[in-house]
Amino acid sequence: MLDIKLIRENPDFVKERLKTRDKALVFIVDEILAVDKERRKLIAEVEQLKAEKNKLSKEIGRLFKEGKKEEAQKAKEEVVAKNERIECLEKELKEVEKRFNNLLLTVPNLPHESVPVGKDETENVEIRKWGEPRKFDFEPLPHWEIGERLGILDFERGAKLAGSRFTVMFKEAARLERALINFMLDIHTKEHGYTEVWSPVLVKPEILIGTGQLPKFEEDLYKVCDEDLYLLPTAEVSLTNLHAGEILKEEELPKYYTAYTPCFRREAGSHGRDVRGILRQHQFDKVELVKIVKPEESYNELEKLVNEAEKILQLLEIPYRVVELCTGDLGFSAAKTYDIEVWIPSQNMYREISSCSNTEDFQARRAKIRYKTKEGKNEFVHTLNGSGLAVGRTLLAVMENYQKPDGSFDIPHVLQRYM
RNA sequence: GGAGAGGUGGCCGAGUGGUCGAAGGCGGCUCCCUGCUAAGGAGUUGAGGGGGUAUUCCCCCUCCGAGGGUUCGAAUCCCUCCCUCUCCGCCA
């Protein structure tokens with residue numbers, strides 16, 4: 001959520017920044033300003049009346065004690081009249097507040113000034129490459145063929161159990177999934193200083209509002225029927241919200257959390273994309289990294305976060321590249337994002353395996369995560385998140401990059417002790 | 001699922017219709033005192049929002065689990081919900 005004060009005081013700046021994402025966003029700023037004006041006018045009026053009412057009520061108490069019944073009675077009538085007016089105005093105010101909040105909650109974050117301006121993913125900027133894609137002296141197979149031939153990826157049975165975009169894994173694939181999870185968690189906790197977390201995978205709507213999935217992206221989420229709970233689309237949601245509504249001590253920061261969770265996404269609007277294999281599934285495993293930091297440190301922390309995610313691929317010895325998303329491709333909550341894209345031999349291209357973002361205070365403002373500065377002021381923290389990594393995609397990358405001509409594949413050196 | 005107890009400020013804990021944003025204690029902060037430390041003394045110490053040309057000053061509104069209601073007035077009374085704890089049942 002953007003700071004209403006910023007919108008109020010620098011509307012043109014906000015418009016300019018939003019425009020780099022999408023030109024249509026400009027109009028919402030004016031709408032917000034109009035509603036804000038209306039809102040504040042009503043607040044002033046209501047509070048004036050309440051002040052008068054409170055004063056009178058105290059007066060009444062005093063008059064009763066002094067035995068001045070008639071004067072008290074007269075004052076009572078006056079308060080009743082004020083109450084009617086207050087009730088009426090408050091009803092109006094409630095409507096306006098609701099409109100105001102809904103508007104504010106649907107505005108995306110402002111891109112950081114360093115983010116390249118561009119309309120979509122074609123204008124993302126490659127930052128660096130790591131590793132040389134392997135030269136195959138045979139035609140590399142896609143992972144689904146490798147997996148099906150070995151009998152360790154079963155798409156038909158996945159569909160039987162749950163429908164399309166669900167897969168069953170057997171034997172080495174199942175074990176590799178588990179090995180990858182443990183490997184990633186070990187690296188992040190032992191080498192990068194993260195605290196391991198295990199969290200619920202069903203969460204309340206207000207939690208999803210905190211990180212920005214709601215109210216705007218409900219169609220991407222699975223909702224539990226009969227209960228007001230949603231399946232987690234990413235552990236970013238639970239980890240970031242661990243401190244929702246809290247005021248942290250300055251010396252508690254920074255906080256680094258990592259968790260393995262399954263993630264559930266409806267992938268609405270991506271029909272026909274990546275239909276084969278396990279690249280795009282409704283349910284997938286992910287090890288997530290979340291940082292809660294002081295504002296002045298967040299961009300530094302973002303660079304570190306990307307490096308920490310990259311470390312996994314380096315240890316697995318799989319080539320990748322890092323790209324910086326342009327303004328038009330930036331996610332809703334992000335001020336700046338780096339994607340890590342892993343090399344996929346069968347597609348002869350790099351595909352996203354991690355997305356690392358600094359949301360600045362955008363999520364903190366929604367989730368009300370603050371810290372008390374040395375001066376005793378409450379400030380919003382900055383929150384960051386990144387995949388470290390998407391486990392299913394890592395598994396797929398291992399299978400393809402380590403495949404052998406006989407249709408089998410090797411296990412990366414660092415994973416062998418986990419198998 | 002059944003029965004009971006309870007949810008108050010950073011924490012503990014008082015408060016059962018008026019001057020209570022809330023006693024007292026602990027903790028925190030500031031100052032004083034003692035050579036240092038400990039002890040002691042004085043003061044101060046919640047959050048969100050609106051306004052006054054105002055982050056540091058002033059005024060006001062709201063907040064005692066959440067939402068409704070009664071009342072001129074509610075932390076205090078009534079209703080609904082949520083959560084925590086204890087016992088019973090069921091269960092991985």
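Keep in mind it's a predicted model, so treat the numbers as computed, not measured. Convention: sequence-line order gives letters A, B, ...; per-chain numbering from 1.
- Side-chain N or O atoms of A:Asn401 include none that pairs as donor or acceptor with a backbone N or O of A:Ile318 at under 3.5 Å.
- Across the C1' atoms, B:rC81 and B:rG43 are found 44 Å apart, a figure rounded to whole Å.
- Sequence order on RNA chain B of the closest nucleotides to A:Ile4 and A:Asn378 puts A:Asn378 first from the 5' end.
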Which atom pairs, one a donor and one an acceptor, fall under 3.5 Å between side chains of residues 173-188 of chain A and the rest of the protein, sequence neighbours left out?
| unit_1 | atom_1 | unit_2 | atom_2 | d |
| --- | --- | --- | --- | --- |
| A:Asp186 | OD2 | A:Tyr418 | OH | 2.6 |
| A:His188 | ND1 | A:His192 | ND1 | 3.2 |
| A:His188 | NE2 | A:Gly388 | O | 2.8 |

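- Rounded to an integer number of Å, the gap from A:Leu42 CG to B:rG50 C1' is 12 Å.
- Nucleotide B:rU44: paired with B:rG28 (Watson-Crick or G-U wobble, both distances less than 3.5 Å).
- Residue pairs meeting the side chain to side chain donor-acceptor pair (under 3.5 Å) criterion with at least one member in residues 23-34 of chain A, sequence neighbours excluded, are A:Lys15-A:Asp30.
- When the P atom is compared between B:rG6 and B:rC90, the two are found 28 Å apart, to the nearest whole Å.
- Regarding A:Leu6, its CG atom lies at a distance of 15 Å from the P atom of B:rU55, rounded to whole Å.
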Would you sort out whether A:Glu301 and A:Lys304 count as a salt bridge (Lys or Arg N to Asp or Glu O under 4.0 Å), showing the intermediate values?
CA-CA 5 Å; A:Glu301 292 281 5; A:Lys304 272 172 63 193; 3.6 Å; yes
Table please: side-chain donor-acceptor pairs of residues 324-334 of chain A below 3.5 Å, with sequence neighbours left out.
| unit_1 | atom_1 | unit_2 | atom_2 | d |
| --- | --- | --- | --- | --- |
| A:Glu324 | OE2 | A:Lys336 | NZ | 2.6 |
| A:Thr327 | OG1 | A:Thr20 | O | 2.8 |
| A:Thr327 | OG1 | A:Gly118 | N | 3.0 |
| A:Thr327 | OG1 | A:Gly118 | O | 3.2 |
| A:Asp329 | OD2 | A:Asn124 | ND2 | 3.0 |
| A:Ser333 | OG | A:Thr211 | O | 3.0 |

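- Nucleotides B:rG24 and B:rA42 place their P atoms 13 Å apart, quoted to the nearest Å.
- Of the residues A:Ile152, A:Thr394, A:Asp410, the one that meets the side chain to side chain contact (heavy atoms under 4.5 Å, CB included) test with A:Met399 is A:Ile152.
- The distance between atom NZ of A:Lys372 and atom C1' of B:rC29, rounded to the nearest whole Å, is 11 Å.
- Atom CG of A:Leu229 is separated from atom P of B:rC83 by 10 Å (rounded to the nearest Å).
- Pair check for B:rC33 finds none; no Watson-Crick or G-U wobble contact set falls under 3.5 Å.
- OP1 or OP2 of B:rG48 lies within a sub-4.0 Å distance of a side-chain N or O belonging to A:Arg370.
- Separating the CZ atom of A:Arg40 from the P atom of B:rG49 is a distance of 13 Å, rounded to the nearest angstrom.
- If you take atom C1' in B:rU62 and the same atom in B:rA74, they sit 15 Å apart, rounded to whole Å.
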How would nucleotides 60-76 of chain B be written as a contact map, 5' to 3', with B for base contact, S for sugar-phosphate-only contact and - for no contact, using protein heavy atoms under 4.0 Å?
BBS-----S---BS---
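- Judged by Watson-Crick or G-U wobble contacts below 3.5 Å, the nucleotide B:rG21 has no partner.
- Look at CD on A:Glu9: it is 12 Å from C1' on B:rA54, rounded to the nearest Å.
- The base-pairing partner of B:rC57, taking Watson-Crick or G-U wobble contacts with both distances under 3.5 Å, is B:rG52.
- Atom CZ of A:Arg8 and atom C1' of B:rU53 are 16 Å apart (whole Å).
- The partner of B:rG6, taking Watson-Crick or G-U wobble pairs whose two distances both stay under 3.5 Å, is B:rC83.
- Annotation: the span from A:Leu2 atom CG to A:Arg8 atom CZ amounts to 13.0 Å, rounded to 0.5 Å.
- Nucleotides B:rU8 and B:rC61 are separated by 26 Å at their P atoms, to the nearest Å.
- Separating the C1' atom of B:rA75 from that of B:rG9 is a span of 13 Å, rounded to the nearest Å.
- Residue pairs meeting the side chain to side chain donor-acceptor pair (under 3.5 Å) criterion with at least one member in residues 75-86 of chain A, sequence neighbours excluded: A:Glu45-A:Arg85, A:Glu52-A:Lys82, A:Lys53-A:Asn83.
- For the P atoms, the distance linking B:rG65 with B:rC11 amounts to 13 Å, nearest Å.
- The partner of B:rA75, taking Watson-Crick or G-U wobble pairs whose two distances both stay under 3.5 Å, does not exist in any strand shown.
- Distance noted for atom P between B:rG46 and B:rG21: 15 Å (whole Å).
- Residues in residues 158-171 of chain A take part in these side chain to side chain donor-acceptor pair (under 3.5 Å) pairs, two or more places apart or across chains: A:Thr167-A:Gln281.
- Taking only side-chain nitrogens and oxygens, A:Arg365 never comes nearer than 4.0 Å to OP1 or OP2 of B:rG48.
- In this structure, NZ of A:Lys249 is placed 10 Å from C1' of B:rC11, rounded to the nearest angstrom.
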